[in-house]
Each structure stands twice: as C-alpha cells, then as structure tokens.
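Quick notes on the structure that follows.
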Amino acid sequence: HGATGAGDGMIVRRGFTPPPTFHQPRLRQAPAGHFVATMTNGWGAMFSYADRIDAADRWRIAAYIRALQLSQSADPGLLSGEERRLLAAAPTTVPAREADGHE
C-alpha cells in the first residue's frame with residue numbers, strides 16, 4: 001500500500017492493480033479485525049498471507065495500519081513549535097527502502 005498507505009506502493013509501479021488507500025473513510029472506520037481478516041483470507045487481487053505471516057504479527061500490522069491512518073490525518077496544530085519545525089525540515093522523498101523495492 002506504499003510508504004504512507006495511499007495505495008501507490010511498489011507493486012503498482014510494477015503494473016499490478018492499485019490497492020485501496022488506507023485513508024478512505026470506509027477503511028478508516030473499519031475495525032482492526034477487518035485488516036486481519038483481509039491478510040488471513042485475501043481480498044480482491046490480494047492473496048492470503050496466512051501461511052506467510054504469523055497471526056500475532058497480522059494483528060501488529062493492523063495496529064500499524066491504524067497508526068499510519070492517524071499519522072496521515074493528524075492535526076498539525078496539536079504539535080509543539082519544535083515538533084512543527086522538525087516536521088517542516090523532514091525530507092519529503094520516498095525512503096530508500098521503498099525506492100529499491102523492499103516494501
């Protein structure tokens with residue numbers, strides 16, 4: 001789903017069907033169990049990861065998805081002045097790990 005969960009990850013750049021963004025209202029409102037079930041059973045073009053990712057880790061990934069959703073819609077007004085300065089100075093390029101295909 002890409003570095004920010006927008007559905008623009010490496011698989012899309014290689015010609016696969018884009019997955020949905022994690023930031024659409026339907027997925028922002030979905031319970032964490034929805035993501036676990038999707039990883040377990042597959043959905044659409046995505047195959048099951050049940051034999052590749054331990055069940056406990058699927059729940060950890062679901063928690064990460066939720067944190068990613070929150071991070072992309074956070075209110076910058078809640079940040080301290082120092083945090084806003086650091087955010088403004090942060091690089092806006094794709095991390096090297098994703099750029100070389102290691103998502």
Side-chain angles (χ1 to χ4, degrees):
H1 290 260
T4 64
D8 59 353
M10 188 55 64
I11 64 164
V12 175
R13 292 181 222 150
R14 292 186 176 159
F16 287 85
T17 304
T21 172
F22 288 137
H23 307 293
Q24 62 180 271
R26 176 180 68 83
L27 293 179
R28 290 184 60 76
Q29 296 166 5
H34 168 79
F35 300 109
V36 173
T38 299
M39 287 181 268
T40 302
N41 303 313
W43 183 270
M46 183 179 134
F47 53 83
S48 168
Y49 282 86
D51 62 342
R52 295 171 180 88
I53 301 173
D54 179 71
D57 286 338
R58 283 180 253 149
W59 281 101
R60 290 178 184 105
I61 292 168
Y64 178 79
I65 291 168
R66 190 63 78 220
L68 185 62
Q69 289 171 325
L70 291 170
S71 76
Q72 297 301 299
S73 62
D75 179 2
L78 298 175
L79 298 173
S80 69
E82 175 64 11
E83 289 167 331
R84 283 194 298 275
R85 186 190 67 71
L86 290 170
L87 182 62
T92 58
T93 59
V94 174
R97 183 176 181 134
E98 182 177 330
D100 69 6
H102 294 94
E103 277 189 273

Inset, instruction - Decide yes or no on side chain to side chain contact (heavy atoms under 4.5 Å, CB included) for H34 and R26, but give the supporting numbers first. - result: CA-CA 11 Å; H34 168 79; R26 176 180 68 83; 4.2 Å; yes
Inset, instruction - Only counting residues at least two apart or in another chain, list the ones meeting ring-ring contact (aromatic ring centres under 6.0 Å, His included) with F22. - result: H1, F35
Legend entry - Partner set under ring-ring contact (aromatic ring centres under 6.0 Å, His included) for Y49, not counting sequence neighbours: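 Partners of Y49 by the ring-ring contact (aromatic ring centres under 6.0 Å, His included) criterion, ordered by chain and then number, come out as F47.
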Taking all non-hydrogen atoms of both residues, which atom of [X] and which atom of [Y] are closest, and how far apart?
| X | Y | answer |
| --- | --- | --- |
| P19 | I11 | CD-CD1, 4.3 Å |
| D8 | R13 | O-NH2, 3.3 Å |
| P18 | G7 | CB-O, 4.0 Å |

Would you say [X]'s side chain and [Y]'s backbone share a donor-acceptor pair under 3.5 angstrom?
| X | Y | answer |
| --- | --- | --- |
| H23 | S73 | no |
| Q69 | L27 | yes |
| T40 | S48 | no |

Kindly write out the residues that satisfy side chain to side chain contact (heavy atoms under 4.5 Å, CB included) with [X], not counting sequence neighbours, or none if the list is empty.
| X | answer |
| --- | --- |
| S71 | L68 |
| N41 | A37 |
| A63 | none |
| R85 | E82 |

Inset, instruction - Group every Ile, Leu, Val, Met, Phe, Trp and Tyr by side-chain heavy-atom contacts under 4.5 Å, then state whether F16 and W43 land in the same group. - result: no
Legend entry - Common cluster, M46/I65, ILVMFWY with side-chain heavy-atom separation under 4.5 Å: yes
Legend entry - Counterpart residues, side-chain hydrogen bond (donor to acceptor under 3.5 Å, both in side chains), relative to T17 (two or more places apart):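 Testing T17 for side-chain hydrogen bond (donor to acceptor under 3.5 Å, both in side chains), a comparison that skips the adjacent residues, returns none.
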Legend entry - With E83 via side-chain hydrogen bond (donor to acceptor under 3.5 Å, both in side chains) - residues at least two apart: S80
Legend entry - Pairs satisfying salt bridge (charged side-chain N to carboxylate O under 4.0 Å, His left out), at least one member in residues 57-81, at least two apart: D57-R60
Legend entry - Pairs meeting criterion salt bridge (charged side-chain N to carboxylate O under 4.0 Å, His left out) with involvement of residues 43-55, two or more places apart: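 Listed once each, the pairs would be none.
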Inset, instruction - Could you work out the complete set of other residues in the hydrophobic cluster of L79, with links drawn between I, L, V, M, F, W and Y side chains under 4.5 Å apart? - result: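 Traced through the cluster, L79 reaches L87.
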